[in-house]
Amino acid sequence: MIFLAEHAPAFAIAVPLLAAFVTPVLGRISEKIRNIWVIFSLLFTEFLVFILGCKVLDEGVYTYALGAVTPSLTSPVGFPVRIILETDAMNALISFMVLSIAIITVVYSWKFIEKYEAQDRFYSLLLLLTAGMMGMSFTGDFFTMFVFLEVVSVSSAALVAFFKKAESFEAAFKYLAISSIGSFFMLFGIGLLYGHYGLLNMAVIAKEIILHYSFLDVVALSLLGTALLLKLGSVPIHMWKVDSLQEAPAPVSVVCIATSLVGLYLLFRIGFSVFGLVINSILGWILVFFGILSIFIGVAMALLQNNLKRLLGYSAVAEVGYILLGAGVGLSAMPEVNGFAFEALSGGIFHIVNDVLDISLLFLIAGSIYYITKKRNIDELGGLAHDFPSLSVLFIIGMLAISGIPPFNGFASKLMIYESVFYFNPLLVILGVLGSILMLAVFVKVFACIFLGAPYEGEVEEVPGSMMFTMWVLAFFILFLGLFPQVAIDIFIAPAAEALVHPEVYIGGVL
Amino acid sequence: MIGLTLRTGAGFWNPVILSFSLIVVICLVYFVRSFGEKKYKKGTEQTDPFFSGAPAPQKVGGGNIYGIFFTYMDEYYVLLKRMHTGVINDYVYWFVLTLTIVLVVLALGGLP
């Protein structure tokens, strides 16, 4: 156990990576063995991340140097020379969430993709994508972050094209092309930092930047920040994300939401831990600006849509806006000094967790509706509550949660954001609440069109038990976090926010 | 109720108390409802929705809901639709524009 805990960051990347390459081989032998292998790999990785998370919560930042005689030997010649994986409460939380979503996705996909070809490739790419997200989450240096970002982009694009339709290929092409452009600008930013400091380690750059901060750093931050805003799908660079969420199979859309989660983490890591000591107020306002823009344009576009998955895509964009709003206020108002800024940041982090659960549930319901009716347009549906009462109950849970209605989880995090942002600027709260009201309007329309009315007359299939199970699991956590939000805050949200507001601890982990 | 009350910095929120109150209210409503008229006959015209004497539509399309909202917000939506072309060149244009805004704002307000 001690050995596993010591090497957990490396194993958390290596296990899904190796499992991805073994999966097609096992798929040739038996589908059942392949499925067991995939779920076992992910469960084992989640177990590793869990023990790593417990270790981090107990002992603080854990630094792991790949290839060193001892994992803690990060700077053998006075500065870090190896690939360093640095874990604190923030990235432990993100990794745990990512793996939980990956497990849910795999169980859901057993039946969902049963009738399609290329299942081996699907699971293999899913594991590769998970390994990429683990790498992005744990890495302590910029170049490794870029490499894993590329792994994530390529595997996501391939998964988006899974249905092999013209629209899927177009969405995958857009995903790949825009991701590549974002990655190119990100690499340029990383190159600038490397040229300036001669190092790529985030902690060391964070330390050096205090002494040598210049216009070059501003350019690098702009490039990195904008590329990450693109990756997480903030308005006005969100269109490619909505296209891909619409055309991807429902479980892939859920994993794409998880990639946005990792993108948010990286944005926070760079904003708080790397540049947080030299630049905060203006960067925070930039995040607030894009947050408000995302809320309004996302929800307004969602209201217009009749394609269920496209509508959910725009809702996901709007939800990212709330996270940016909370984190932006946290960054702008010095959370280490102002209690309300810390609460805003905690609310933003809590909303990451809640958003992933809520929007994942709604995407899986959309997938189930497609599975049973083969339709995505809400105008072609109706009256499904007569035949599928459980699905309609699940939809109500997801709808109320994402709209921030009590006692569901979305309300708890939005309340934290609203109350703390009020101290910063009351106008932002008014805009946020308006966005929430419009979000509820969006989902009332969807619910009325899909579930209410005369019974559906088209041919329908039953929703398989494994798919229903995954959705009930998500609904359970939505209810749990809604009823007991302070438990989540105390156990993992507050430590994650603490990890971000104290960059000196992150720097001290390496040096 | 330590651990059950969410402390938001400015106030607090206890979802368990709210949920309990909600259950009590639902029970009360159900109790009051039980005193209601019992002549309800399922499947008769009693259960048809009233639509000003005309036959009620069986289905209202998504595009028809919030029609007035869209009418009054027409200019806003024209702008939004113009923004969402679906053309990849435009996506890159928005990316470059965003990068420029971020760079200019950071350069103006973020330098020491």
Side-chain angles (χ1 to χ4, degrees), chain A residues 173-174 177-178 181-182 185 213 215 218-219 221-223 225-226 229-230 236-237 239-240 243 278-279 281-283 285-286 297 300-301 303-306 339-340 342-343 347 378-379 382 406-407 411-412 415-416 419-420 422-423 441 445-446 448-449 453-454 482-487 489-490, chain B residues 1-22 57-66 69-70 73 76-77 79-81 83-112:
Chain A
F173 171 72
K174 283 178 180 171
I178 293 294
I181 289 164
F185 279 93
Y213 183 57
F215 182 67
V218 170
V219 178
L221 176 61
S222 308
L223 291 163
T226 314
L229 283 173
L230 176 86
I237 36 182
M239 296 91 160
W240 66 278
D243 291 342
V278 288
I279 183 169
S281 175
I282 194 71
L283 185 60
W285 270 107
I286 289 173
I297 294 184
M301 286 304 292
L303 203 57
L304 197 65
Q305 306 306 317
N306 285 336
F340 75 85
F342 185 79
E343 292 299 331
I378 57 174
D379 279 348
F411 174 77
L415 181 72
M416 287 179 77
E419 286 207 0
S420 44
F422 184 81
Y423 283 97
K445 166 183 136 174
V446 177
C449 288
L483 289 174
F484 309 105
Q486 193 60 41
V487 175
I489 300 287
D490 289 340
Chain B
M1 282 192 159
I2 297 164
L4 297 181
T5 303
L6 174 67
R7 295 178 296 278
T8 60
F12 65 92
W13 159 246
N14 193 317
V16 178
I17 290 177
L18 174 109
S19 305
F20 181 74
S21 314
L22 208 64
Q58 288 293 302
K59 165 89 183 155
V60 179
N64 297 324
I65 302 176
Y66 311 130
F69 176 81
F70 291 123
M73 299 293 282
Y76 176 56
Y77 275 102
L79 195 74
L80 285 188
K81 282 178 188 168
M83 185 181 167
H84 294 82
T85 57
V87 180
I88 199 163
N89 304 35
D90 294 340
Y91 295 2
V92 179
Y93 159 78
W94 283 108
F95 176 73
V96 174
L97 185 72
T98 308
L99 176 61
T100 312
I101 292 168
V102 172
L103 181 59
V104 169
V105 173
L106 277 179
L108 290 176
L111 276 173

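Sequence lines set the chain letters: A, B, ... in the order given, protein chains first and strands last, and positions in each chain run from 1.
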Counting N and O atoms only, with roles assigned by atom type, does the side chain of Lys445(A) sit under 3.5 Å from a partner on the main chain of Asn306(A), one being a donor and the other an acceptor?
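Side chain of Lys445(A) to backbone of Asn306(A): no pair is present.
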
Is there a donor-acceptor pair closer than 3.5 Å between any side-chain N or O of Tyr66(B) and the backbone N or O of Ala441(A)?
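Answer holds: yes.
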
Using a cut-off of under 4.5 Å for heavy-atom pairs, which of [options] has the most such pairs with chain B?
{"options": "Leu221(A), Leu229(A), Ile286(A)", "result": "Ile286(A)"}
{"options": "Gly382(A), Gly482(A), Ser420(A), Ala300(A)", "result": "Ala300(A)"}
{"options": "Ala412(A), Ala454(A), Pro236(A), Pro406(A)", "result": "Pro236(A)"}

Non-neighbouring partners of Trp94(B) that pass ring pair (Phe, Tyr, Trp, His ring centres under 6.0 Å), sequence neighbours left out
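None.
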
So which part of [X] gets closer than 4.5 Å to some heavy atom of chain A, the side chain, the backbone, both or neither?
{"X": "Tyr77(B)", "result": "side chain"}
{"X": "Leu18(B)", "result": "side chain"}
{"X": "Phe70(B)", "result": "side chain"}
{"X": "Met73(B)", "result": "neither"}
{"X": "Ser19(B)", "result": "side chain"}

List the residues meeting side chain to side chain donor-acceptor pair (under 3.5 Å) with Thr85(B), not counting sequence neighbours, and say none if there are none.
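Counting only residues at least two positions away or on another chain, Thr85(B) forms a side chain to side chain donor-acceptor pair (under 3.5 Å) with Asp90(B).
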
Met301(A) vs Leu80(B), side chain to side chain contact (heavy atoms under 4.5 Å, CB included): CA-CA, chis, key distance, verdict
CA-CA 8 Å; Met301(A) 286 304 292; Leu80(B) 285 188; 3.7 Å; yes

Does a side-chain heavy-atom distance below 4.5 Å link Leu303(A) with Phe69(B)?
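When only atoms from C-beta onward are counted, Phe69(B) and Leu303(A) do touch, with a gap below 4.5 Å.
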
Heavy-atom cut-off 4.5 Å, strictly under: side chain, backbone, both or neither for [X] against chain B?
{"X": "Ile489(A)", "value": "side chain"}
{"X": "Phe422(A)", "value": "neither"}
{"X": "Ile297(A)", "value": "both"}

Evaluate Trp240(A) against Ile88(B) for side chain to side chain contact (heavy atoms under 4.5 Å, CB included), listing each step before the verdict.
CA-CA 8 Å; Trp240(A) 66 278; Ile88(B) 199 163; over 6 Å; no

Between Leu99(B), Ile65(B), Thr100(B), Leu22(B), who has the most heavy-atom pairs with chain A when the cutoff is under 4.5 Å?
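When all of Leu99(B), Ile65(B), Thr100(B), Leu22(B) are compared, Leu99(B) has the most.
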
If you look at every heavy atom in Leu483(A) and Val16(B), which pair is closest and at what distance?
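In terms of heavy atoms, the two residues are closest at O-CG2, 3.6 Å.
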
